[in-house]
Amino acid sequence: MREKELRRSMSVLPIGTVMKLTDLTARQIRYYEQQELIKPLRNEGNRRMYSLNDVDRLLEIKDYLDDGLNISGIREVYKKQSQLENERKHNLEKGLTDSDVRKILQDEFLNIGGLKPPSSSFEDPNNLNNLNKLNH
DNA sequence: TTTCTGACA
DNA sequence: TGTCAGTA
């Protein structure tokens with residue numbers, strides 16, 4: 001499944017193709033790049049080359065815009081999105097899977113409510129200290 | 001022919 | 001955003 005992601009991130013589409021695929025004008029596509037909503041690579045001739053992920057991103061941007069979101073608002077969405085991705089990555093490096101994190105966070109709430117007595121081992125999801133270990 | 005940057009409306 | 005100019 002990794003192979004698929006690599007292909008989707010390969011920048012091989014010229015702006016003309018992306019225009020047809022997204023129904024956006026070259027002007028708009030370049031403008032969104034200026035606003036850092038997308039970062040297409042450049043080829044030897046300084047021509048922008050887009051990936052399928054970029055196309056998806058542009059279609060998504062179009063939807064957000066229709067929903068009344070402004071450029072900076074969309075920028076925030078992606079900013080927060082990559083932020084969450086990094087947290088997930090860091091947690092993974094610590095050997096914590098997404099479900100581990102969910103379990104720990106859920107138990108945090110139970111502890112805060114005083115419904116369960118705290119313990120000290122890391123393996124014990126009821127330990128409040130686990131929260132600190134989750135952060136960077 | 002297609003795309004790029006900059007500029008003006 | 002649309003469009004035009006002058007390039008690569």
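Naming: A, B, ... by sequence-line order, numbering from 1 per chain.
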Expressed in angstrom and rounded to an integer, what is the separation of [X] atom [atom1] from [N] atom [atom2]?
X: A:Asn43; N: B:dC4; atom1: CG; atom2: P; answer: 9 Å
X: A:Leu41; N: B:dC4; atom1: CG; atom2: C1'; answer: 16 Å
X: A:Glu33; N: B:dG6; atom1: CD; atom2: P; answer: 12 Å
X: A:Gln34; N: B:dA7; atom1: CD; atom2: C1'; answer: 12 Å
X: A:Met19; N: C:dT1; atom1: CE; atom2: C1'; answer: 13 Å
X: A:Arg27; N: B:dT5; atom1: CZ; atom2: P; answer: 12 Å

What's the closest nucleotide to the side chain of [X] if the choices are [options]?
X: A:Ile15; options: C:dT1, B:dT2, B:dC4; answer: B:dC4
X: A:Arg47; options: B:dC4, B:dT2, C:dT1; answer: B:dT2
X: A:Asn46; options: B:dT3, B:dA7, B:dT5; answer: B:dT5
X: A:Arg42; options: B:dC4, B:dT3, C:dT1; answer: B:dC4
X: A:Arg30; options: C:dT1, B:dT2, B:dC4; answer: B:dC4
X: A:Arg48; options: B:dT2, B:dC4, C:dG2; answer: B:dC4

> Relative to the 5' end of DNA chain C, which residue comes earlier, A:Leu24 or A:Gly45, by the nucleotide with the nearest heavy atom?
Replying inline: A:Leu24

> With a 4.0 Å cut-off on heavy atoms, is A:Gly16 in touch with a base, just the backbone sugar-phosphate, or nothing at all?
Replying inline: sugar-phosphate

When you check the gap from the basic side-chain N to the acidic O, do [X] and [Y] get nearer than 4.0 Å?
X: A:Arg7; Y: A:Glu3; value: yes
X: A:Glu36; Y: A:Arg75; value: no
X: A:Glu5; Y: A:Arg2; value: yes

> Short question: side chain of A:Asp54, backbone of A:Ser51 - any donor-acceptor pair under 3.5 Å?
Replying inline: yes

> Counting only side-chain N and O atoms of A:Tyr32, is one of them less than 4.0 Å from OP1 or OP2 of C:dT1?
Replying inline: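 It does, given that an N or O in the side chain of A:Tyr32 lies less than 4.0 Å from OP1 or OP2 of C:dT1.
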
> Does the side chain of A:Val101 reach to within under 4.5 Å of the side chain of A:Glu87, using non-hydrogen atoms?
Replying inline: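 Counting from C-beta outward, A:Val101 and A:Glu87 never come under 4.5 Å.
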
> Who does B:dT2 pair with, Watson-Crick or G-U, both distances under 3.5 Å?
Replying inline: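 For B:dT2, the partner nucleotide comes out as C:dA8, under the 3.5 Å rule.
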
